2 protein chains.
Amino acid sequence: MSKIQVAIAEDQAMVLGALAALLETEPDIAVCARATNGRAALAALGRHKPHVLVTDIEMPEMTGLTLAAEARERCPEVRVIILTTFARPGYLRRALDAGAKGYLLKDRPSAELADAVRRVHRGQRVIDPELAAEAWASEPDPLTERERQILWRAGEGRSTGDIAAELCLSEGTVRNYLSEAISKLGAANRIEAARLARAKGWL
Amino acid sequence: MSKIQVAIAEDQAMVLGALAALLETEPDIAVCARATNGRAALAALGRHKPHVLVTDIEMPEMTGLTLAAEARERCPEVRVIILTTFARPGYLRRALDAGAKGYLLKDRPSAELADAVRRVHRGQRVIDPELAAEAWASEPDPLTERERQILWRAGEGRSTGDIAAELCLSEGTVRNYLSEAISKLGAANRIEAARLARAKGWL
DNA sequence: GAGCCCGGGTGACAGATGTCATCCGCCTGT
DNA sequence: ACAGGCGGATGACATCTGTCACCCGGGCTC
């Protein structure tokens with residue numbers, strides 16, 4: 001019996017090593033590659049051709065979501081499982097759009113990981129059930145690309161003028177977009193709007 | 001040879017399980033207790049009397065820092081290692097004040113964990129070297145308690161008026177504190193100030 | 001008791017933010 | 001050819017923020 005070959009991408013080295021140790025305790029699973037950022041993971045996919053890729057979302061260089069999308073392009077036979085802290089409907093939706101086969105939360109019991117790897121390897125989908133329900137019920141991202149760009153920067157503490165300069169827009173326009181975003185999100189000001197958007201995974 | 005008994009506290013069950021798997025691969029270490037929140041961890045210390053406690057900082061019920069302090073009170077023979085994402089001088093300082101013997105970052109290679117456990121068990125201290133240097137160089141928290149309260153709320157997106165009402169202060173006073181905090185932190189506005197303070201672990 | 005620091009408050013002012021109505025090009029579908 | 005939409009801009013206005021100078025009352029200490 002040949003083992004299921006798994007690649008892992010996770011930016012916190014300690015967690016990466018720990019996840020690898022966890023999977024290595026399974027007799028039918030082998031970890032063939034590890035990466036601490038998205039770009040490295042993508043390179044590793046080409047070299048090792050694993051059956052399954054387990055990846056975090058928030059990573060330097062390349063996010064797990066874009067990694068999933070790239071992987072589908074270049075190595076369509078690799079099945080991707082997103083493993084993340086964030087129970088954000090927006091992330092799940094984007095993950096599925098990017099062709100991910102699994103979406104698992106880091107606060108699930110550790111036994112579920114190996115299970116998910118096996119299931120996905122068999123061709124099944126594995127989606128965190130609570131999150132799936134929530135995502136179905138929840139409204140889709142109401143923000144336009146511009147609003148996202150601007151709200152993001154506003155959330156970092158940059159001023160209207162700064163943002164306008166950076167995006168080559170007029171100051172008034174930036175305020176308009178911000179105003180629009182604030183009202184779409186039902187917030188009282190840019191700060192709260194940014195927080196809400198982040199919490200939903202829209203940012 | 002009897003193994004080093006380790007307890008682990010970490011709120012993300014998946015990571016908890018993975019860390020346990022990682023430590024279990026070491027022949028001289030055994031994981032005798034696991035907890036996904038601070039209170040449960042404290043209870044486990046009483047029951048299992050481990051040699052070493054490895055704990056995250058940000059957890060529900062009780063933070064790893066207060067857990068460390070409580071542990072020193074009730075089970076002074078247990079050596080505590082803080083294992084966290086956050087390279088914040090403020091956290092390190094508070095951890096050491098609380099009697100922690102180790103402070104390790106989650107983005108260090110996973111091999112360092114077992115190493116740290118052994119060292120701390122032998123009675124040594126293990127502090128992330130870069131962080132230690134930074135903490136020594138870095139100025140101590142410049143914020144007063146009031147400023148902290150107010151800046152925290154401002155960072156959540158609450159308005160000056162809101163905050164004043166909540167803390168039973170006048171609106172002008174809140175603005176004064178905020179202004180003071182902003183200038184202490186060298187920020188351009190309350191949002192940036194809150195971000196900076198958070199990054200330093202002062203908030 | 002005089003002087004002084006500290007938490008808190010006031011008032012005034014400039015500048016940043018949030019809201020609206022309106023306008024202008026530029027596509028796009030019919 | 002024309003009506004819409006859409007991204008972007010403008011101007012005006014009200015409100016919120018950030019800053020500053022100064023005031024008050026209670027504890028200190030000398």
Side-chain angles (χ1 to χ4, degrees), chain A residues 66 90 93-94 97 138-203, chain B residues 90 93-94 97 139-203:
Chain A
T66 35
R93 196 173 293 237
R94 282 200 259 161
D97 287 349
S138 82
E139 72 280 51
D141 186 344
L143 299 175
T144 69
E145 193 47 38
R146 266 298 191 221
E147 286 162 359
R148 211 189 320 287
Q149 286 175 8
I150 291 177
L151 192 52
W152 160 272
R153 285 165 175 79
E156 299 285 288
R158 300 226 265 282
S159 75
T160 314
D162 269 16
I163 299 174
E166 194 184 335
L167 300 182
C168 300
L169 291 175
S170 99
E171 201 161 324
T173 304
V174 170
R175 277 189 285 142
N176 283 341
Y177 281 119
L178 235 16
S179 178
E180 185 60 21
I182 290 167
S183 91
K184 275 182 183 174
L185 296 172
N189 54 49
R190 55 178 73 193
I191 316 175
E192 200 187 338
R195 283 210 328 126
L196 289 173
R198 259 196 276 268
K200 296 272 196 173
W202 293 335
L203 210 111
Chain B
R93 195 173 294 239
R94 282 198 258 161
D97 287 348
E139 75 280 51
D141 186 345
L143 299 174
T144 69
E145 193 47 37
R146 267 296 190 222
E147 286 161 0
R148 211 188 320 286
Q149 288 176 7
I150 291 175
L151 192 53
W152 160 272
R153 287 165 175 78
E156 298 285 289
R158 301 227 265 282
S159 74
T160 313
D162 270 15
I163 300 174
E166 194 184 335
L167 300 181
C168 299
L169 292 174
S170 99
E171 202 161 323
T173 303
V174 170
R175 290 215 305 274
N176 284 341
Y177 280 118
L178 236 14
S179 178
E180 185 60 21
I182 289 168
S183 92
K184 276 183 181 173
L185 296 173
N189 55 49
R190 56 179 71 193
I191 316 177
E192 202 187 337
R195 283 208 329 126
L196 289 173
R198 261 196 276 269
K200 297 271 197 175
W202 293 334
L203 210 99

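First the proteins, then the strands, lettered A, B, ... as listed; each starts at 1. Since the structure is predicted, the reported quantities are computational estimates derived from the model, not experimental observations.
Considering every non-hydrogen atom in both A/Ala193 and A/Ile182, the closest pair reads CB-CG1, 4.0 Å.
Rounding to the nearest 0.5 Å gives a distance of 9.5 Å between CG of A/Leu143 and CD of A/Glu180. For the atom pair CD1 (A/Ile163) and CG (A/Leu151), the distance works out to 8.5 Å, reported to the nearest 0.5 Å. Atom OG of A/Ser179 is separated from atom CZ of A/Arg190 by 10.5 Å, given to the nearest 0.5 angstrom. B/Leu185 CG to B/Glu147 CD: the interatomic distance, rounded to the nearest 0.5 Å, is 8.5 Å.
When DNA chain C is scanned 5' to 3' for any atom under 4.0 Å from a heavy atom of chain A, the first and last hits are C/dT17 to C/dC20. Scanning DNA chain D 5' to 3' for nucleotides with an atom closer than 4.0 angstrom to a non-hydrogen atom of chain B gives a first and last hit of D/dT17 to D/dC20.
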message: Would A/Glu166 and A/Val174 count as a side chain to side chain contact (heavy atoms under 4.5 Å, CB included) here? Give the steps.
response: CA-CA 11 Å; A/Glu166 194 184 335; A/Val174 170; over 6 Å; no

field: Verdict with supporting geometry, B/Leu169 and B/Arg146, side chain to side chain contact (heavy atoms under 4.5 Å, CB included)
entry: CA-CA 11 Å; B/Leu169 292 174; B/Arg146 267 296 190 222; 3.8 Å; yes

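Ion pairing between B/Glu145 and B/Arg148 holds under the 4.0 Å rule for side-chain N and carboxylate O.
Residues of residues 176-194 of chain A having a heavy atom closer than 4.0 Å to DNA chain D, listed by number: A/Asn176, A/Tyr177.
Position along DNA chain C of the nearest nucleotide to B/Arg175 versus B/Ser170 favours B/Ser170 as the more 5'-ward residue.
A distance-only check finds no donor-acceptor pair linking the side chain of B/Arg195 to the backbone of B/Ile191 [under 3.5 Å]. Here the side chain of A/Glu192 pairs a donor or acceptor atom with the backbone of A/Ala188 at under 3.5 angstrom.
At the heavy-atom level, A/Thr173 lies under 4.0 Å from base atoms of the strands shown.
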